[in-house]
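Note that the structure is a prediction, hence the values are computed from the model and not measured. Numbers for residues simply follow the sequence, beginning at 1.
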Amino acid sequence: MAQFDQTQHQLPILHEKLALMEGRASTSGTFSDNMKLPVHRWFRYSAGFSADWVRSVIRDHKPGTVLDPFAGSGTTLLAAGQEGTESYGFEAHPFVARIARAKLSWNSSVKEFSSWAARVLKLAESTSPDVSGESSLILKCYTEDALKKLCAIRESFLMCRAEMPPDIGDLIWLTVTSILRPCSHAGTAQWQYVLPAKGKARVVEPFGAFKAKINDMASDMLFFQRFSSPSGRLMTCDARSRMESLDDKIDLVITSPPYPNNYDYGDSTRLEMCFWHEISRWGDLQSAVRRFLVRSCSQHTAAEKLKLDDVLAAPQLSPILNDLSGICRALEQERLNHGGKKTYHTMVAAYFADIALVFYALRGACRAGSRMCFVIGDSAPYGIYVPVEDFMGRLAVASGFSKYSFEKIRDRNVKWKNRKHRVPLKEGRLWIEG
């Protein structure tokens with residue numbers, strides 16, 4: 001098992017790197033810096049924000065408890081643990097929640113993790129599975145040799161998993177999941193959509209990638225076990241539903257909800273879900289993922305066959321109904337001028353109906369005097385502007401919060417070369433007072 005014993009040599013280097021990063025004031029609303037941080041770097045989930053920034057907010061507010069109702073891959077919970085703060089997270093995407101749960105298992109036994117990983121790899125090296133039954137997406141994204149090795153690791157892991165402690169199983173599952181993209185010759189779009197027809201230059205060999213990832217994860221686990229506390233609790237649940245067990249317990253909410261910009265969160269993990277046989281094709285994403293999520297993409301609302309009048313009749317939309325209705329009616333007409341005829345009109349209406357329910361649920365969880373920070377972006381589907389920060393702020397106040405303010409981080413959609421829509425947008429922080 002010598003291939004998994006490099007962690008003690010790597011630990012001082014990680015400590016030095018983290019100290020350098022913490023010395024920089026973080027103002028970023030993006031996830032990119034997280035890919036240099038221990039544990040955060042285990043899986044690239046683009047829909048997120050800076051862990052260093054989360055830590056700075058926690059230091060400034062000194063809360064007793066933190067909640068992230070859109071926890072994603074666990075950034076807020078991990079950052080809260082580094083600050084010794086109790087935290088809770090909700091994540092409705094079943095696959096992404098599994099990723100976050102694995103990352104939150106960093107306090108597991110490193111020796112046991114490495115030992116089981118070595119056992120899985122040894123078994124895989126003597127296995128030659130039949131890959132002909134894999135989904136068409138998987139067959140397009142790998143050479144036969146790479147796919148046989150990845151499937152050998154997967155099958156060896158599944159054979160051993162019943163004997164593993166659950167947390168060790170979660171960690172090794174994430175190890176396999178995290179090497180799927182590096183081992184594929186298929187390209188990846190900016191927001192993690194897989195591009196089978198677009199190749200890439202650098203592809204890694206699966207057994208070597210597995211060994212390297214185990215070493216990195218074991219090293220990160222040792223680091224976190226020295227400098228963090230296991231205080232995060234993740235729940236696979238819907239942020240739109242009130243969690244009565246958290247009533248009046250939360251001092252600070254830090255989150256980034258889906259933006260109403262047609263990003264398909266289900267499609268972002270399609271490659272990984274196909275590999276684990278959780279879906280077999282794109283059409284499975286509605287039942288497997290989207291139905292659990294806030295309705296922020298037209299693929300979701302088109303599948304639900306929503307009627308605009310029915311969505312606008314939702315009572316929670318009354319604080320913004322006049323303005324929202326005008327935008328949605330304009331989108332309903334504008335879509336007829338476009339070949340795709342995307343259902344942005346029902347998507348925008350359903351999005352704010354869902355966000356209103358989130359605020360009502362959070363009002364029950366938040367103590368008097370609490371504060372919330374939502375990292376958000378506005379939207380302009382088919383060039384029709386949607387004032388997201390204004391609508392969300394008004395919905396928050398209507399649900400019982402006292403006031404809101406918006407702090408711009410950066411401009412978006414301003415590089416217009418070869419772009420169809422030329423409406424300048426922004427990203428920023430919506431601060432809401434309890």
Side-chain angles (χ1 to χ4, degrees), residues 39 47-49 51 54-55 57-58 61-108 165-167 169-170 228-258 265 289 291-295 314-316 353-375 392 395-402 430-434:
V39 181
F49 44 46
V54 174
R55 295 183 67 181
V57 174
I58 292 172
H61 288 78
K62 298 177 176 58
T65 53
V66 174
L67 169 65
D68 187 343
F70 299 96
S73 61
T75 298
T76 297
L77 279 69
L78 290 167
Q82 289 181 283
E83 295 302 314
T85 302
E86 182 180 6
S87 63
Y88 299 87
F90 306 153
E91 179 49 52
H93 189 314
F95 197 87
V96 175
R98 205 171 310 147
I99 292 167
R101 188 166 291 108
K103 290 166 73 174
L104 290 168
S105 297
W106 57 261
N107 202 40
S108 304
D167 56 337
D170 289 344
S228 188
S229 60
S231 59
R233 182 185 170 197
L234 180 77
M235 291 164 266
T236 306
C237 61
D238 190 337
R240 294 168 290 185
S241 301
R242 184 170 177 178
M243 186 65 64
E244 293 183 358
S245 62
L246 293 185
D247 275 2
D248 204 32
K249 285 188 177 180
I250 303 303
D251 300 306
L252 178 65
V253 173
I254 305 175
T255 195
S256 182
Y265 286 84
V289 179
R291 65 189 178 99
F292 302 114
L293 308 181
V294 163
R295 293 169 289 184
Q316 67 266 26
D354 288 348
I355 290 295
L357 294 177
V358 171
F359 283 129
Y360 279 108
L362 290 174
R363 180 63 278 178
C366 290
R367 292 182 175 131
S370 61
R371 203 174 191 206
M372 303 199 298
C373 182
F374 278 56
V375 178
M392 288 181 67
L395 290 172
V397 170
S399 70
F401 292 94
S402 60
L430 181 68
W431 294 94
I432 300 168
E433 308 293 334

All pairs passing ring-ring contact (aromatic ring centres under 6.0 Å, His included) where residues 79-100 contributes a residue, at least two apart: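 Only Phe95-Trp173 qualify under ring-ring contact (aromatic ring centres under 6.0 Å, His included).
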So which atom in [X] and which in [Y] form the shortest heavy-atom distance, rounded to 0.1 Å?
X: Leu234; Y: Ala71; answer: CD1-CB, 3.8 Å
X: Leu252; Y: Ile250; answer: O-CG2, 3.4 Å
X: Tyr265; Y: Pro257; answer: OH-O, 4.5 Å

Between the side chain of [X] and the main-chain N/O of [Y], is any donor-acceptor distance below 3.5 Å?
X: Thr75; Y: Ala51; result: no
X: Ser228; Y: Gly81; result: yes
X: Gln316; Y: Ala353; result: yes
X: Ser231; Y: Thr85; result: yes
X: Ser73; Y: Ile99; result: no
X: Thr255; Y: Phe374; result: no

Pick out which of Arg367, Arg371, Lys62 makes a salt bridge (charged side-chain N to carboxylate O under 4.0 Å, His left out) with Asp251. Arg367
Could you state the interatomic distance from CG (Asp68) to SG (Cys373), rounded to the nearest 0.5 Å?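 The distance works out to 10.5 Å.
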I need the single residue from Asp238, Val294, Leu293 that forms a side-chain contact (heavy atoms from CB on, under 4.5 Å) with Asp354. Which is it? Val294
side-chain contact (heavy atoms from CB on, under 4.5 Å) between Ile58 and Ile254: does it pass, once the steps are laid out? CA-CA 9 Å; Ile58 292 172; Ile254 305 175; 4.0 Å; yes
Going by side chain to side chain contact (heavy atoms under 4.5 Å, CB included), name the residues that satisfy it together with Pro165, two or more places apart in sequence or in a different chain.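 Expected list: Glu112, Trp116, Asp167, Ile168.
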Between the side chains of Thr236 and Arg101, is a donor N or O closer than 3.5 angstrom to an acceptor N or O?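 Yes, side-chain donor-acceptor contact under 3.5 Å.
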Evaluate side-chain contact (heavy atoms from CB on, under 4.5 Å) for Arg240 paired with Tyr360, printing each intermediate quantity in order. CA-CA 8 Å; Arg240 294 168 290 185; Tyr360 279 108; over 6 Å; no
Kindly indicate whether the side chain of [X], heavy atoms from C-beta on, has any atom under 4.5 Å from the side chain of [Y].
X: Phe70; Y: Ser256; answer: no
X: Val39; Y: Leu78; answer: yes
X: Val375; Y: Leu430; answer: no

Is the NZ or CZ atom of Arg363 both under 6.0 Å from the centre of the six-membered ring of Phe401 and within 45° of that ring's axis?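 Yes, a cation-pi geometry.
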